[in-house]
There are 2 protein chains.
Amino acid sequence: MKTLGKKGAATREAILASARQAFTQSGYDVGVREIAENAGVTAMLVNRYFGSKEQLFEEVVDLVLSAPGILTREVMTNAPDVSTLCRDVAAALVAKTAPGITSMDGFLIMLRSANNGQATAILRRKFETHFARPLSELLPGEETSQRAAMFLAVIAGFQVMRQVVEMAALAQAKPDQLERQLEALFGLLIIGTPVKHLTG
Amino acid sequence: MKTLGKKGAATREAILASARQAFTQSGYDVGVREIAENAGVTAMLVNRYFGSKEQLFEEVVDLVLSAPGILTREVMTNAPDVSTLCRDVAAALVAKTAPGITSMDGFLIMLRSANNGQATAILRRKFETHFARPLSELLPGEETSQRAAMFLAVIAGFQVMRQVVEMAALAQAKPDQLERQLEALFGLLIIGTPVKHLTG
DNA sequence: GTCTATACTTTGATAGAC
DNA sequence: GTCTATCAAAGTATAGAC
């Protein structure tokens, strides 16, 4: 382990910030040289400070999953009850996936990097510890781990259709309509029954 | 455009078949040399017959999207009623995403090429015409296009979590439990109310 | 300590010989 | 119509300049 001076730490942060931007926008397949260039350094320093591209990706994922996103520890633990959680997550999800917004969410990184085996292996571990396990412990009733996973699947599917594929029906729909549909789905998974009918 | 003789067309088919197998098993990151080797030719011929690896992938996508998948016109139009449709799609989805099975469904191909702009543009059009529009016309009630899109989003999300990320809770769950959960979600989107309670 | 220059390895793509 | 030879780009590793 190398000791880092002040300048070194700054460079490390610059690379990390550049990598976060690049991975979110282009997925894991973005080049290390491009990441380094946007940080004002050469590609070699990426390996010096992070060991490998894979480890750099892992650190970026940690960073993004810890930052406020659609599902955070705060959202999960601060919600007074589960129906509030449904509404909060639905609202955050619709807002963060609005057309034209380049959100830095962990789910988006996952979807953009889904074609790379190394990246998905890292994401699997991070999703388990950050989302699946705490959410599963929060749910009442039985089969909590499956229901938690389905919850995450709905979030991921909504994002891939709205932000990546950009399906017309989701990109142009009114936000409150989408929120209502998502809230109903989440309610079904969380408390076992829908909080509200879809057509109001 | 080159003119193809009998032998040329045969090698082209061999490469295409090998590519379908390879992409299904290993995803887009599989090497062109490996694809060519399994077809009994050198890597060069891949580019000669398909232009690039990307175009080869696109042709495999076309091939797979034409074949019966999770949502086909038959499933959609042959179902006597919508609740049967929910059950059929849920069962097909769980079966096709079983661990160890790498069926190259259209949704999965979409996810694997999600970071490629051209690929998503092509897939967006195919999804609209093949899935979104006919499904939307099949649904009763209001907001049919949004609900159809959400339906597709749930399918996509389930696949990405079970097949790509391989979340433990989804990969190891009992098939009939997953089917029940999916059927409830689909029912909520299709007929506006769940067909069955989750813990029932 | 911090960083650049250089090169090795693999992979996708191209040119020209037969 | 097919192959050998080669190129360009990407991830990585080493040596050494300041």
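Keep in mind that this is a model prediction, so the values were computed, not measured. Within every chain, numbering begins at 1; the chains are lettered A, B, ... in the order of the sequence lines, protein sequences first and strands thereafter. Heavy-atom basis, side chains included; hydrogens, waters and symmetry copies ignored.
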task = Measure from CD on Glu54(B) to P on dA9(D) and round the result to the nearest Å.
result = 17 Å
Side chains of residues 165-174 of chain B: which donor-acceptor partners sit under 3.5 Å, not counting sequence neighbours?
none

query = Between dT2(C) atom P and Glu13(A) atom CD, what is the distance in whole Å?
reply = 14 Å
ask   = When the C1' atoms of the five terminal pairs at each end define the local axes, what inter-axis angle does the helix from dG1(C)-dC18(D) to dC18(C)-dG1(D) show, to 10 degrees?
value = 20°
ask   = Just wondering, do Leu178(A) and Arg162(A) contact through their side chains at under 4.5 Å, heavy atoms?
value = yes
message = It should be established whether Lys53(A) places a side-chain nitrogen or oxygen under 4.0 Å from OP1 or OP2 of nucleotide dG11(D).
response = yes
query = Atom CD1 of Ile35(B) to atom C1' of dA13(C): distance rounded to whole Å?
reply = 14 Å
Between P of dA7(C) and CG of Asn47(A), the distance in whole Å = 18 Å
query = Is any side-chain heavy atom of Leu56(B) closer than 4.5 Å to a side-chain heavy atom of Tyr49(B)?
reply = no
Under-4.0 Å side-chain N/O to phosphate OP1/OP2 contact, Thr11(B) with dT2(D) = yes
request  = First locate atom CD1 of Ile15(A), then atom CG of Asn38(A), and finally report the distance between them rounded to the nearest 0.5 Å.
outcome  = 11.5 Å
ask   = dT11(C) P sits how many Å from Asn116(A) CG, rounded?
value = 13 Å
message = Mind checking if Phe50(B) touches a base, just sugar-phosphate, or nothing, with heavy atoms under 4.0 Å?
response = nothing
note = Under a 4.0 Å heavy-atom cutoff, the residues of residues 15-26 of chain A touching DNA chain C are none
request  = Send over the distance from Leu56(B) CG to dA13(C) P, rounded to a whole Å.
outcome  = 10 Å
ask   = Taking atom C1' of dT10(C) as reference, at what distance in whole Å does atom CD of Gln118(A) sit?
value = 13 Å
key: From Ile70(A) atom CD1 to Leu93(A) atom CG, the distance as rounded to the nearest 0.5 Å   = 4.5 Å
request  = Working to the nearest 0.5 Å, report the span between CD1 of Ile35(A) and CG of Leu16(A).
outcome  = 10.0 Å
request  = Please work out whether the ring planes of Phe57(A) and Tyr28(A) are parallel, tilted or perpendicular, with thresholds of 30° and 60°.
outcome  = perpendicular
inquiry  = Would you compute the distance between atom OG1 of Thr129(A) and atom CG of Leu65(A) and round it to the nearest 0.5 angstrom?
reply    = 8.0 Å
request  = Determine, for Glu128(B) against Arg133(B), whether the closest basic-nitrogen to carboxylate-oxygen distance falls under 4.0 angstrom.
outcome  = no
List every contact pair, protein side and nucleotides 3-7 of chain D side both N or O, where the distance is under 3.5 Å.
from, atom 1, to, atom 2, distance (Å)
dC3(D), OP2, Thr42(B), OG1, 3.2

message = Heavy atoms from C-beta onward define the side chain here; which of dT2(C), dG11(D), dT2(D) lies closest to that of Leu4(A)?
response = dT2(C)
request  = Using the test ring-ring contact (aromatic ring centres under 6.0 Å, His included), find all partners of Phe127(A) that sit at least two apart in sequence or belong to another chain.
outcome  = Phe107(A), Phe131(A)
key: Sequence-distant partners of Phe158(A), ring-ring contact (aromatic ring centres under 6.0 Å, His included), two or more places apart   = none
query = Roughly how many Å is it from CD in Glu37(A) to C1' in dT4(C), rounded to a whole number?
reply = 15 Å
inquiry  = Nearest 0.5 angstrom please: Met110(A) CE to Leu152(A) CG, how far?
reply    = 9.0 Å
